[in-house]
Amino acid sequence: MKVRQEKFGEVDHNTVHSFTITNDHDVEITCINYGCIITKIIVPDKQGNFENVVLGYDTLEEYMMDTTYLGAVVGRVGGRIKGAQFELDGQIYTLAKNEKVNHIHGGIKGFNRVIWDAEVFDKGDTAGVQFKYFSPDGEEGYPGNIDLKITYTLNNENELVISYDAITDKKTPLAMTNHSYFNLSGNLKRDILNHTLKLKSDKFLELDQDFIPTGTMLDVRNTPFDFTQERSIESGTISKHPQNVLVGGGYDHPFRLSSNHNEEIVLKDYESGRTLILETDEVGVVVYSGNSLGNEGYVRGIPLRKHLGICLETQGLPNAINQPTFPSVMIDKGQKYSSVTKYQFGVG
Ligand code: G6D
């Protein structure tokens, strides 16, 4: 394994570094300690061409201007919270209304916009970066002082393992995820419409007009949301299903996983031969097909555009804090929060 640390930029006189981890098969992950953002993942295709498979920028300024959460950790709570508020033990907590009257992805200065302490490690057959951040009581309206640790580990099985650990001094909601946009074609040669996805999930969450779960879990059978057998992303973008149309043509939906640590999420690009298998201990995954990637801006010279990348945000269900039928995202005082998602890159 190789680990390289370089200066990436400065925010308010704080230095941001990039960290490049390369395994013994030349698979490479690059990340920065601003928002724990993954800026590059280099993996081979079926011909052995090593190319980047995530949307990313080359400058800190572009990330600071970005509104799409490209590659970033999302938190304290990923997804939307209706009305930007929740009730906890009889007290109403009001969060930032950073999307209409609702709250999304941790607020105006969520975890994607803070500088994390970072420490690299190399254990021979694994190497990576451990990020740490202290989120003070009341940050973005959330209760509790939280000590957070996020670890990116690359191994020689071409797996990136992201583990999230936290402990709070007061009961509070916490549901983090990573918001990387994957594109397995390599260096964004094509969009993701011909990527196929397979999910071990028989329920997806119905969204309202603000893309907030209504609380109803819909059966995937006989719909474009049935990924129990692999299905192209395009089938959702051309679909007339009201939920595909609602989100701008495609997917922007949470799915309730029916299995964990069991190849429950499989993304493929047959043209390149690249595969990505996600395994997680999370209850759900938000599948977002980049529907609102507008025609503004460029990623490494490529015009940023609709369906250029797909997000697979393994996390607690959005708005769970206000949906008593959803698995809870609450952590108690002194309770250890931990979550792990493994991303296994391959060809096949
Ligand atoms: C859009 O609706 C989508 C979200 O799911 C996504 O996380 C965000 O863009 C970046 O708002």
Side-chain angles (χ1 to χ4, degrees), residues 34-39 54-57 62-84 95-113 140 162 175-183 191-192 197 199 201 204-214 225 233 236-237 241-256 265 267 278 282 284-297 299 304-321 323 326 329 341:
Y34 175 78
C36 305
I37 292 174
I38 295 173
T39 64
V54 289
L55 274 61
Y57 302 117
E62 289 170 292
Y63 280 112
M64 292 177 72
M65 298 291 288
D66 175 73
T67 59
T68 67
Y69 299 82
L70 224 55
V73 63
V74 172
R76 288 194 186 186
V77 176
R80 292 171 172 90
I81 293 178
K82 190 171 184 65
L95 307 171
K97 291 182 174 63
N98 59 324
E99 188 183 72
K100 300 179 190 173
V101 295
N102 305 306
H103 176 88
I104 185 170
H105 290 347
I108 295 163
K109 190 174 183 186
F111 290 164
N112 61 304
R113 294 228 181 269
E140 290 299 320
I162 301 183
M176 293 182 277
T177 189
N178 178 274
H179 208 292
S180 289
Y181 291 72
F182 296 100
N183 181 323
D191 60 29
I192 49 96
L197 181 66
L199 287 180
S201 168
F204 73 103
L205 274 57
E206 179 188 58
L207 302 180
D208 68 16
Q209 74 288 348
D210 288 340
F211 299 7
I212 294 181
T214 63
F225 294 82
I233 301 306
T237 63
H241 187 291
Q243 286 287 308
N244 291 127
V245 173
L246 170 75
V247 297
Y251 302 93
D252 197 349
H253 292 77
F255 288 77
R256 182 79 166 85
I265 303 167
L267 184 69
L278 278 73
E282 287 291 358
V285 58
V286 173
V287 177
Y288 172 50
S289 53
N291 317 319
S292 58
L293 286 178
N295 292 314
E296 75 280 337
V299 277
L304 193 56
R305 64 188 190 278
K306 191 170 184 174
H307 306 319
L308 192 59
I310 181 168
C311 302
L312 301 166
E313 302 156 62
T314 51
Q315 63 174 86
L317 299 181
N319 202 40
I321 186 71
Q323 289 287 356
F326 289 3
V329 294
T341 294

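Both ligands and their constituent atoms are indexed starting at 1 by order of listing. Basis for what follows: all heavy atoms, side chains included, without hydrogens, waters or symmetry-related copies.
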**Closest non-hydrogen atom pair, His241 against Phe204** = CE1-CZ, 4.4 Å

**Fill in**
Taking every heavy atom of Glu206 against every heavy atom of Thr214, the minimum-distance pair comes out as OE1-OG1, 2.6 Å

**Request:** May I ask you to decide whether Asp210 forms a salt bridge with Lys100, counting only side-chain N to carboxylate O separations under 4.0 Å?
**Result:** yes

**Asked** Is the closest basic N to carboxylate O distance between Glu140 and Arg76 below 4.0 Å?
**Response** no

Provide, to 0.1 Å, the distance between [atom] and the closest protein heavy atom, together with that atom's residue and name.
atom	result
atom 1 (C) of ligand 1	Ser292 OG, 3.6 Å
atom 6 (C) of ligand 1	His179 NE2, 3.6 Å
atom 2 (O) of ligand 1	Asp252 OD2, 2.3 Å

Numbered atoms and elements of ligand 1 in range of [X], under 4.0 angstrom, heavy atoms:
X	result
Tyr69	10 (C)
Tyr181	10 (C)
His105	6 (C), 7 (O)
Tyr288	1 (C), 3 (C), 6 (C), 9 (O)

**Message:** Would Tyr251 count as a contact residue for ligand 1, given that I'm defining contact as a non-hydrogen atom of the residue lying under 4.0 Å from a ligand atom?
**Reply:** no

**Message:** When you compare ligand 1 with Thr68, is there at least one nitrogen or oxygen pair between them that comes in under 3.5 angstrom?
**Reply:** no

**Message:** What verdict does the side chain to side chain contact (heavy atoms under 4.5 Å, CB included) test give for Glu282 and Thr177, after you've listed the backbone C-alpha separation in whole Å, the side-chain angles of each residue and the deciding distance to 0.1 Å?
**Reply:** CA-CA 10 Å; Glu282 287 291 358; Thr177 189; over 6 Å; no

**Asked** With under 30° as parallel and over 60° as perpendicular, where do the rings of His179 and Tyr288 fit, or are they tilted in between?
**Response** perpendicular

**Request:** Using the side chain to side chain contact (heavy atoms under 4.5 Å, CB included) rule, take Tyr57 and Val299 through it: C-alpha gap first, then chi angles, then the decisive distance, then the call.
**Result:** CA-CA 6 Å; Tyr57 302 117; Val299 277; 3.6 Å; yes

**Message:** Quick test of your reading of the structure: of Arg80, Glu313, His253, Glu99, whose heavy atom lies closest to atom 4 (C) of ligand 1?
**Reply:** Arg80

